Engineer: 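Pasting in a structure now, in structure tokens, and then I'll have a few things to ask.
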Protein chains: 2
Amino acid sequence: MERVLRDAGALSTGAIVSESHRGASLSIGLSAVIIAATIDEPRVLTLRLGREPIEALPSGPLEIEHRTLEAGLRAWVERQTGQKLGYVEQLYTFGDRDRVETGETQPGRALTVAYLALVREARPGGAADAVWQNWYRFFPWEDWRSGRPAALEPIEEGLSRWSAQASTEAGRRLRKERVGLALSASWNDELVLERYELLYEAGLIDERRRDLGCPASGGGPTFGVSMAADHRRILATAIGRLRGKIKYRPVVFELMPPAFTLLQLQRTVEALSGVRLHKQNFRRLVEQQGLVEETGGISAATGGRPARFVRFRREVLLERPAPGLRLRAGRRLLSP
Amino acid sequence: MERVLRDAGALSTGAIVSESHRGASLSIGLSAVIIAATIDEPRVLTLRLGREPIEALPSGPLEIEHRTLEAGLRAWVERQTGQKLGYVEQLYTFGDRDRVETGETQPGRALTVAYLALVREARPGGAADAVWQNWYRFFPWEDWRSGRPAALEPIEEGLSRWSAQASTEAGRRLRKERVGLALSASWNDELVLERYELLYEAGLIDERRRDLGCPASGGGPTFGVSMAADHRRILATAIGRLRGKIKYRPVVFELMPPAFTLLQLQRTVEALSGVRLHKQNFRRLVEQQGLVEETGGISAATGGRPARFVRFRREVLLERPAPGLRLRAGRRLLSP
DNA sequence: CCCTAAATGCTCAAAGTGAGCATATTACCA
DNA sequence: TGGTAATATGCTCACTTTGAGCATTTAGGG
């Protein structure tokens, strides 16, 4: 403990990257998926790394100074992007040996503890090359707000080809089943990771080819912009989790400004979940649940009739057990 | 305790317990919460360690041989308990420096990746001192099946005393708020971890006193049977997660035998969630959702009229997006 | 004044829920 | 053999919650 206090000031000197007696290296990384939302787009904060820039999530190794994993994460993010984090939750710990190229000569393992953070302002991160990106750049097939994404056509083709390629009959059936579930007629917005994994396994994702050591190009199209290491997989995990969570926890408000209109709130939810919602029903839900209260202000009419400004009613947290926007995308609105 | 755990893993050769260049030790542990359910009780598989036995979850250090974290976990569990695992899901990664006593001379960190596993048979684990325990031994206040648990009386007292002890007014309000939420009139069965954390912070849990280096006894009563290290916290996390999950995923069936009656299913769900359910409505739900199908068999009437045997209908996984038992405990039944 | 774009109000039918009443079957017991 | 206890199953009924739309209201711009 004294040790801790003494070291607290030192920067970056105490990374825990250690050698086991068998000569394999082990490092523990902390990665952050930092989400914000502008008017109409969900954003994720990325760093541009390298000469031919590849995008990465803010991350860094766990250090001895860090009292908790979360504290370590906050420190790294601030150091790299200048962003202060508010809402933070642990996402998942990735540790497969095969999926991450350590870039080392020795066999090694990289354990990554990934976190999801929600922030309010989307002002470009202070330091380095931190930039806010529309997350659909990485997952173009996840945005159904203006109808079925065009990318899904070739993706389905690729996936069904992949299904057919399984060596056994059982394998083919299993693959078809997985594809059917992930891309079923009734679009399930939360299956982001499942879909990513399918595309990855089917070789429709750049990272897959990279991990296999394949030539940069070859073997049909790939989809979405790629990211460093397994960061796109982490991002997929985060999006899926967030899409699920807004339905039973009032986390969207972590992304909203202090005062906002109901339409702004709806647009944000739509941006995150990737589907359009029925306006009147959305308002009914939000108001019935007592999620917001009027601020008294009135919006500087952007289009038509001016709207009331509202703010999040923190008290709901004490009242209802699971206050959220259990949105169920209007059926009509999904395929217009 | 830590000593014991280390020893348990010493059989292996490739444990990744490494020394950083700063002299702090880092180990990555894998822990498993293995759940089963007998007729009326939810069970968790524990190991009895040490001379005056203290119970621990099956765990062991991550080794180089392990291709994935999950594979490592399965290996450890089999080695220690003889249990083969079926359904496994990652729970959470614990890494706070303060909460775990390493028992070492050097400052160190123990990272624990915890998993939740569901198994069918509850036959006593093969090796060593593996035993199935009713999980309510560790959380007596979580079982509302026969009315409000008696332990809640003194617990509420202890917590409100703790609330009042906060140094600032704001602190007191915050504590009261947390207590109110976790123990609110409308019991939320999923807040297992929140309640455990409260009791821990309030010093109503043995582990807390141990972590503070307090004498074994002193300062009022503590609740529930304690466990090694932070295993009880991990178990709390697992129970909360499982209670949540059965509501939107058909995971209960991982705990059921191949054929069972609807009442058996209901009893199992009740055992897990700790609340009683309305029988007719439960059956309506299960059948409407198409979660089960008849096997044709008929139960050897335990009490009254014999019941049909049913089995899980795997096809639902392909049909409905979130098939589960969105149970909402009968209001009447909660406080009879 | 007419038109467009939102914000708001309200309706309505269908589906989903919470509580119970009523019957059907068995085992067991006097 | 009839009565009783303990379940299993069917069915009702009053509400709530949803999904979809229609109708009105309020501003700004020709």
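Since we're looking at a predicted model, the values are computed, not measured. In what follows, every chain begins at residue 1, and chains take the letters A, B, ... in the order their sequences are listed.
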Engineer: Decide yes or no for A:Gln133 and A:Thr46: does some side-chain heavy atom of the first lie under 4.5 Å from some side-chain heavy atom of the second?
Structural biologist: yes
Engineer: For the pair made of CD1 in A:Ile298 and P in D:dA27, what is the distance, rounded to whole Å?
Structural biologist: 7 Å
Engineer: When the distance from CZ of A:Phe309 to P of C:dA6 is rounded to whole Å, what number comes out?
Structural biologist: 16 Å
Engineer: What is the distance, to the nearest angstrom, from the CG atom on A:Leu285 to the P atom on D:dA20?
Structural biologist: 14 Å
Engineer: Fit a plane to each ring of B:Trp144 and B:Trp187, take the angle between them on a 0 to 90° scale, and name the class: parallel (under 30°), tilted (30 to 60°) or perpendicular (over 60°).
Structural biologist: tilted
Engineer: Measure the distance from CD on B:Gln266 to P on D:dT9 and round it to the nearest whole Å.
Structural biologist: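 Those two atoms, CD and P, are 12 Å apart.
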Engineer: Figure out the CG/P separation between A:Leu277 and D:dA20, and round it to whole Å.
Structural biologist: 11 Å
Engineer: Please report, rounded to the nearest Å, how far the P atom of D:dG10 is from the CZ atom of B:Phe282.
Structural biologist: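 B:Phe282 atom CZ is separated from D:dG10 atom P by 16 Å.
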Engineer: Taking 4.0 angstrom as the limit, do A:Arg241 and A:Glu190 come out as a salt bridge?
Structural biologist: no
Engineer: Looking at residues at least two apart in the chain, or sitting in another chain, which of them share a side-chain hydrogen bond (donor to acceptor under 3.5 Å, both in side chains) with A:Glu270?
Structural biologist: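 Partners of A:Glu270 under the side-chain hydrogen bond (donor to acceptor under 3.5 Å, both in side chains) test: A:Gln266, A:Arg267, A:Arg276.
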Engineer: Can you measure A:Gln289 atom CD to D:dT18 atom C1' for me and round it to whole angstrom units?
Structural biologist: 13 Å
Engineer: What does the B/S/- profile of nucleotides 7-13 of chain C look like, 5' to 3', with a 4.0 Å heavy-atom cutoff to protein?
Structural biologist: BBB----
Engineer: Parallel, tilted or perpendicular, judged at 30° and 60°: which one describes the rings of A:Phe312 and A:Phe253?
Structural biologist: parallel
Engineer: So, using side-chain hydrogen bond (donor to acceptor under 3.5 Å, both in side chains) as the criterion, who are the partners of B:Glu294 when residues are at least two apart?
Structural biologist: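 Partners of B:Glu294 by the side-chain hydrogen bond (donor to acceptor under 3.5 Å, both in side chains) criterion, ordered by chain and then number, come out as B:Arg308.
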